[in-house]
Amino acid sequence: DSPFGRVLQGIRENELRARCLGINVERFKLLAFVLSGTFAGLAGALHAMLVKFMHPDFVKWTTSGDVVVITVIGGARSIFGPLFGSTVFVTLSDYIPKVCRAYSGSQLCDRWWLLLGAIFVLFMLFLRDGVWGRIEMALEARATRALTRAGAVAAETARMAPLADRAVEGESPSRRS
C-alpha cells in the first residue's frame, strides 16, 4: 500500500482517470518496467550463481509463456496468485506426462501442452482473476455475509432489549404500556 503501488493500481484500473488527476502515466509505466526488469535480471544472475551453469533451456521463448500461464492460473492481483499458479503449473507439468505414460504409453503424452493450452483458454474464459482471485472473492463474500448476519443479530437484540428489561422487572413481555 505504498504511494507508488497506489499509483500503479490507479493506472491499472483507469488510466484516463489517472491522467486527469495529473499523474504522469508514461513515467510510472516506465519505472515499473525498469523495476521489473531489474528484479528479473537480478533473479537470473542469482540463479546462474547458484547453479554455476546456464543451460539454453532457461532462455527459451516458452519460458515467458510459462510465466504468463502461471499468472493466469493463479491470478495477478496479489503475490499469492502467482505463487499458487506456479505450484499448480509445476505440479501439472511434472505429473501429467508421467501419469499419461503410465496408463497409455502413447506419443500423445509428449503433447500434454495441448491439455495445458485448453486449461489456459478455460481460465481466460471463466476465471479471469485466476484461482487465487476467486478464492479471495469467496472469502470476502463469506466475511460480508458474516458481518451482515452479525448486524442482523445485533439489530434483533437491540429490538428485543426493552422487552427483556420489562421481563426482568417482573412485567409480562406481552403487556405493553
Side-chain angles (χ1 to χ4, degrees), residues 1-47 50 57-100 111-158:
D1 288 341
S2 67
F4 179 71
R6 291 281 184 184
V7 169
L8 291 181
Q9 286 176 353
I11 291 171
R12 178 190 67 206
E13 297 300 327
N14 194 337
E15 186 174 332
L16 181 61
R17 180 179 289 171
R19 285 182 195 279
C20 291
L21 290 172
I23 295 172
N24 188 347
V25 173
E26 287 80 18
R27 178 174 162 243
F28 279 96
K29 283 184 174 182
L30 179 64
L31 187 57
F33 180 74
V34 168
L35 284 174
S36 65
T38 301
F39 285 118
L42 180 64
L46 290 174
H47 181 71
L50 177 71
D57 286 344
F58 290 138
V59 291
K60 285 193 327 188
W61 64 272
T62 56
T63 305
S64 61
D66 293 347
V67 172
V68 171
V69 170
I70 285 168
T71 304
V72 167
I73 288 174
R77 295 189 179 245
S78 73
I79 188 68
F80 298 110
L83 289 174
F84 181 80
S86 64
T87 303
V88 169
F89 179 78
V90 169
T91 303
L92 287 177
S93 64
D94 283 346
Y95 289 111
I96 287 177
K98 289 177 186 175
V99 170
C100 183
R111 302 185 194 280
W112 71 271
W113 292 96
L114 294 173
L115 176 63
L116 185 64
I119 292 170
F120 180 77
V121 169
L122 291 174
F123 269 86
M124 290 301 293
L125 290 175
F126 300 112
L127 289 172
R128 303 272 310 171
D129 290 332
V131 174
W132 193 261
R134 189 57 61 112
I135 290 170
E136 285 181 338
M137 286 177 15
L139 290 175
E140 286 176 9
R142 183 176 178 190
T144 302
R145 281 194 308 270
L147 287 175
T148 303
R149 200 172 307 122
V153 168
E156 182 67 20
T157 303

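Bear in mind that the values here come from a model prediction, so they are computed numbers and not experimental data. Values below: every heavy atom of this structure, side chains too, minus hydrogens, waters and symmetry copies.
- Contacts of R12 classified as salt bridge (charged side-chain N to carboxylate O under 4.0 Å, His left out), with partners at least two apart in sequence or in another chain: none.
- Not counting sequence neighbours, the partners of F84 by the side-chain contact (heavy atoms from CB on, under 4.5 Å) test are V88, V131, W132.
- F28 meets the side-chain contact (heavy atoms from CB on, under 4.5 Å) test with F4, V7, L8, I11, I23; sequence neighbours excluded.
- Considering only residues two or more places apart in sequence or on other chains, R142 meets the side-chain contact (heavy atoms from CB on, under 4.5 Å) condition with R145.
- In this structure, F33 CZ and T38 OG1 are separated by 9.5 Å, a value rounded to the nearest 0.5 Å.
- Looking at every heavy atom in both residues, I73 comes nearest to G85 through CG2-CA, 4.1 Å.
- Heavy atoms of other residues, nucleotides or ligands lying less than 6.0 angstrom from CD1 of I79 number 12 at most.
- Annotation: side chain to side chain donor-acceptor pair (under 3.5 Å) contacts of E13 (sequence neighbours excluded): R77.
- Residues F120 and V68 are in side-chain contact: their nearest non-hydrogen atoms beyond the backbone lie under 4.5 Å apart.
- Of all the heavy atoms in G75 and P82, the pair that sits closest is O-CD, 3.1 Å.
- At least one side-chain heavy atom of L46 sits less than 4.5 Å from a side-chain heavy atom of L42.
- If you take CD1 on I119 and CG on L114, they are separated by 11.0 Å, rounding to the nearest 0.5 Å.
- Summarising the geometry, atom OG1 belonging to T71 is positioned 11.0 Å from atom CZ belonging to F89; distances are rounded to the nearest 0.5 Å.
- The nearest pair of heavy atoms linking V25 to A18 is CG2-CB, 4.2 Å.
- Scanning both residues, T91 and T87, for their nearest heavy atoms gives OG1-O, 2.7 Å.
- Applying the salt bridge (Lys or Arg N to Asp or Glu O under 4.0 Å) rule to pairs touching residues 17-37 yields E15-R19, E15-K29, R19-E26, sequence neighbours excluded.
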